[in-house]
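The chains referred to below are lettered A, B, ... by the order of the sequence lines, with proteins before strands, and numbering in each begins at 1. Computed from a predicted structure; not experimentally measured.
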Amino acid sequence: MNGWTTTATVALAGGLGATLWGAATGPLHRRAVAQNLASAVTAPALLLLAQGYGRPAYVDLALVLALLGPVGTLVFARLLAGELADGGQSPGGRGPTLAVAAYGALVVVVLCAVTGPSRAMVKLLVVGVLLVAGNLIASKALSGGFGTAGASAGKNAGQERESNGRG
Amino acid sequence: MRPWRAVRASGEVTVWWAALFALWLVLISTVDPLELLVGAAVSLLGALAARAGRRAVHDE
Amino acid sequence: MTRRVRLLVLALGGAGLAALLVAACLDLPGFGRARHPYGTRAVHASLARHTANTIAAVNFDQRAFDTLGEMTILFASVLGTVVLLRQSRDEKRAAPEAERVAAPVRRYALLVLPVAVVTGLYIVAHGQLSPGGGFQGGVVAATALHLLYLGADYRALTRVRPVGAFEIGDALATCSYLVLGLACLLAGAAFLANTPLPYGTFDTLASGGTVPLLNAAVGMEVACAVVVLLAHFLDQAVEIEEEGSRSG
Amino acid sequence: MDDPLIVVTLLLVAAAATAAVAVRDPVRQALVLSVLGLCLAVLFTVLQAPDVGLSQLAVGSALTPLLLMLAVRRVGRRAKGTTGTTGTTGTGDGEREKAR
Amino acid sequence: MTVFPYLVAAYVFLAGCYGLATSRHLIHAVGCLSVCQAATYVLLLAVGYRDGGTAPVFSDIEPGSRPVVDPVVQALTLTDVVVGATVTALLLALVIQVVKRHGTADPDELRELRG
């Protein structure tokens with residue numbers, strides 16, 4: 001055990017435990033938000049573990065999760081578009097999503113500072129950008145990114161009109 | 001019109017190829033000629049996928 | 001049998017199984033012990049053949065024949081799915097409608113698609129060096145293609161994904177694994193024995209003899225298999241309508 | 001066995017598995033299964049099996065949820081047609097069956 | 001305490017079996033089966049672990065510099081994770097066929113149909 005793995009333990013016990021509870025109980029919309037947060041919490045923990053074990057090769061796991069975690073959330077956002085729009089008039093989850101994104105960014109910045117300027121640092125930055133951008137986009141998709149007939153939230157109407165035309 | 005489209009298409013693929021090749025260089029650990037060759041081929045595949053995806057979404 | 005009787009039988013069986021499992025667990029060698037005779041030998045064998053990732057060496061060198069079995073299961077289950085999910089006579093196709101997607105989501109999908117394809121291929125290509133390999137990278141690359149369905153709509157996906165080509169690719173990849181095994185036979189060794197190629201420099205892309213080639217074959221098979229599987233599921237879920245029911 | 005990280009991740013896996021079994025509606029179960037996949041991936045990393053963790057991440061984060069959700073969508077549409085209950089694609093089933 | 005991971009694997013397996021037996025929806029049953037599969041992965045990797053070990057992947061460490069865990073069980077698990085997913089797809093395809101034929105995804109109703 002060192003500082004990195006201890007931090008990862010605390011983050012996983014708190015973050016993944018909370019998101020598991022969120023994904024297993026409550027209304028459908030909150031479960032989907034919790035599922036998105038779960039991947040956003042796990043990827044920084046994997047980066048911390050890679051650093052803690054002294055194995056740069058483990059960063060690939062975080063890279064794959066940063067790429068595919070948001071894709072998984074998009075699956076639910078896409079195929080549950082109707083139900084998500086019916087049930088959740090209050091999207092919620094904005095605060096936790098931003099907090100988790102900030103936590104991910106913080107972890108990446110600290111690890112970059114420790115790594116020093118090198119290719120490994122650029123790789124960490126790539127993972128960080130994919131992670132933060134992916135999770136913000138996925139949470140946006142959950143709160144009405146997929147407009148179904150009559151279910152589009154008012155604030156997204158403009159964007160949807162734009163997306164229907166030629167981009 | 002037609003040559004202009006060809007220029008634009010090759011430009012799009014080249015930009016994507018360069019970006020993806022840079023990504024490949026970031027991902028790998030040791031650099032040797034075979035690595036670069038495979039990276040170039042993979043980036044070309046990725047660039048073609050990017051263009052195909054963009055066209056599939058935008059051109060009706 | 002009523003529900004109650006069934007639960008009772010289940011409880012009895014479960015209790016028996018639990019007792020047996022606990023007894024077995026107590027008899028297993030302790031967690032975290034230092035003695036792993038097979039592991040030590042596998043690491044030695046892998047290093048002798050210049051393969052940095054011992055797990056890839058076990059999969060594609062020491063137990064390559066076992067992996068052929070796994071590939072066969074994969075191929076058979078894809079075949080079974082394709083047969084089960086074919087269009088039956090009382091179903092008709094409906095053209096999928098255009099979907100409305102928020103612009104940032106669509107832009108994200110278009111940007112991440114090539115990045116994920118390259119990452120998947122990177123994981124396949126570096127299977128014998130760093131964590132990864134054909135099984136993982138194939139899934140990543142195939143999933144990446146479906147960002148077009150998630151970030152745009154089904155029509156966009158069908159424009160860039162010829163299912164027939166992927167079915168052929170799946171079969172070709174399985175065959176090439178077999179052909180590589182036969183090539184080992186022709187080279188005068190056992191089936192799938194890692195002897196015909198030089199082992200190369202440790203920790204480079206060309207190290208490990210036949211391991212990278214088998215790895216690439218598996219990567220191609222897994223990628224094609226996943227694309228074909230998802231194509232048939234999407235076909236059922238999005239495109240096929242039953243007589244009389246028209247819902248969207 | 002002195003590593004608290006292993007204990008924490010094992011407990012997370014056990015909790016996620018319990019939740020995945022206890023949640024009866026397939027759609028909600030798919031959400032829990034995807035979190036279970038993440039817990040498993042972390043456990044595999046902690047047990048020093050990054051290859052397996054990568055496998056689990058690749059399969060569990062997007063592929064399995066997509067397969068499950070597409071199957072639910074297909075099955076839910078059909079089940080709705082025969083039982084005559086109104087309810088949007090699929091998700092009604094679990095609740096309906098609980099009420100029975 | 002040295003058997004705790006094995007007991008967790010046994011518990012996960014039994015939980016999956018319970019869900020499988022009491023399931024009221026075939027897709028839920030397929031999900032429970034994947035929980036059972038997860039139990040086997042946990043058990044195999046727990047058997048292969050060693051205290052203070054690291055992964056036997058030598059792209060970023062010197063061979064022999066650190067103790068390594070058992071690669072054989074990892075190789076077994078790794079292939080099964082992906083192959084298991086395609087088998088799950090096959091089972092889901094079976095579920096879709098069953099629902100097409102009988103119009104219900106409830107195992108109990110299926111038994112009643114048979115008479």
Side-chain angles (χ1 to χ4, degrees), chain C residues 3 6-7 10 14 17-18 21-22 24-26 28-36 38-39 42-43 46-47 52-59 62-63 66-67 70-71 73-74 77-78 80-81 84-85 88 126 129-131 133 135-136 138-139 202-203 222 225-226 229-230 232-233 236 242, chain E residues 1-11 13-14 17-18 21-22 39 43 46-53 55-61 63-64 67-97 100 108 111:
Chain C
R3 202 170 160 71
R6 246 180 31 221
L7 273 178
L10 175 69
L17 184 60
L21 280 176
V22 169
C25 286
L26 291 176
L28 275 171
F31 177 75
R33 75 199 184 288
R35 221 179 88 77
H36 289 283
Y38 289 109
V43 171
S46 150
L47 291 178
N53 183 353
T54 311
I55 293 116
V58 173
N59 261 335
Q62 296 154 33
R63 292 172 58 90
D66 182 64
T67 306
E70 298 271 7
M71 279 183 82
I73 301 176
L74 199 152
S77 58
V78 172
T81 309
L84 280 172
L85 291 186
S88 64
H126 289 245
L129 305 178
S130 54
F135 285 101
Q136 299 96 325
V139 176
F202 188 78
D203 203 13
V222 170
V226 169
L229 276 182
L230 282 175
H232 282 85
F233 270 86
Q236 287 284 330
E242 280 167 60
Chain E
M1 207 49 188
T2 57
V3 291
F4 177 63
Y6 307 145
L7 292 179
V8 168
Y11 166 76
F13 184 79
L14 286 171
C17 285
Y18 168 78
T22 58
L43 180 67
V47 167
Y49 184 72
R50 81 184 272 183
D51 283 329
V57 177
F58 302 108
S59 63
D60 54 349
I61 56 169
V68 293
V69 300
D70 193 340
V72 179
V73 285
Q74 294 193 14
L76 298 180
T77 316
L78 149 64
T79 51
D80 193 60
V81 171
V82 174
V83 174
T86 57
V87 173
T88 303
L90 178 66
L91 291 174
L92 288 174
L94 273 172
V95 172
I96 289 176
Q97 268 305 327
K100 268 191 201 171
D108 287 351
R111 191 172 299 112

Portion of [X] that has a non-hydrogen atom of chain C nearer than 4.5 angstrom:
X: E/Val68; value: side chain
X: E/Leu43; value: side chain
X: E/Phe13; value: side chain
X: E/Val82; value: side chain

Counting heavy-atom pairs under 4.5 Å with chain E, which one of C/Leu28, C/Val78, C/Leu17 comes out on top? C/Leu28

I need the residue from C/Leu7, C/Leu21, C/Val58 with the largest number of non-hydrogen atom pairs under 4.5 Å to chain E. C/Leu21

Can you classify the ring geometry of C/Phe31 versus E/Tyr6 as parallel (below 30°), tilted (30 to 60°) or perpendicular (above 60°)? perpendicular

Results of salt bridge (charged side-chain N to carboxylate O under 4.0 Å, His left out) for E/Asp60 - residues two or more places apart only: A/Arg55

Going by side-chain contact (heavy atoms from CB on, under 4.5 Å), C/Ser77 matches just one of E/Val83, E/Thr88, E/Leu90. Which one? E/Leu90

Is it the backbone or the side chain of [X] that comes under 4.5 Å from a heavy atom of chain E, or both, or neither?
X: C/Ala225; answer: neither
X: C/Pro131; answer: both
X: C/Ile55; answer: both
X: C/Leu26; answer: both
X: C/Leu74; answer: both

Measure the [atom1]-[atom2] distance between [X] and [Y] for me, rounded to the nearest 0.5 Å.
X: E/Asp70; Y: C/Arg33; atom1: CG; atom2: CZ; value: 7.5 Å
X: C/His232; Y: E/Leu92; atom1: NE2; atom2: CG; value: 15.0 Å
X: E/Gln74; Y: C/Asn59; atom1: CD; atom2: CG; value: 10.5 Å

Using side-chain heavy atoms (C-beta onward) and a distance below 4.5 Å, is [X] in contact with [Y]?
X: C/Asn53; Y: E/Ser59; answer: no
X: C/Leu84; Y: E/Ile96; answer: no
X: E/Leu78; Y: C/Gln136; answer: yes
X: E/Asp108; Y: C/Arg6; answer: yes
X: C/Ser46; Y: E/Phe58; answer: no

Locate the shortest heavy-atom distance separating E/Ala93 from C/Phe233; write the atom from each residue and the value. N-CZ, 3.9 Å

Might you point out which heavy atoms bring C/Gly14 and E/Leu14 nearest each other, and give the distance in Å? O-CD2, 4.0 Å

Within 6.0 angstrom of E/Tyr18 OH, more than 12 heavy atoms from elsewhere: no

Does C/Arg63 have any side chain to side chain donor-acceptor pair (under 3.5 Å) partners at least two apart in sequence or in another chain, and if so, which? C/Asp66

Using a cut-off of under 4.5 Å for heavy-atom pairs, which of [options] has the most such pairs with chain C?
options: E/Pro67, E/Cys17, E/Gly48, E/Ala21; value: E/Gly48
options: E/Val81, E/Val69, E/Val47, E/Thr22; value: E/Val47
options: E/Leu94, E/Val72, E/Thr79; value: E/Thr79

Would you say C/Thr54's side chain and E/Pro56's backbone share a donor-acceptor pair under 3.5 angstrom? yes

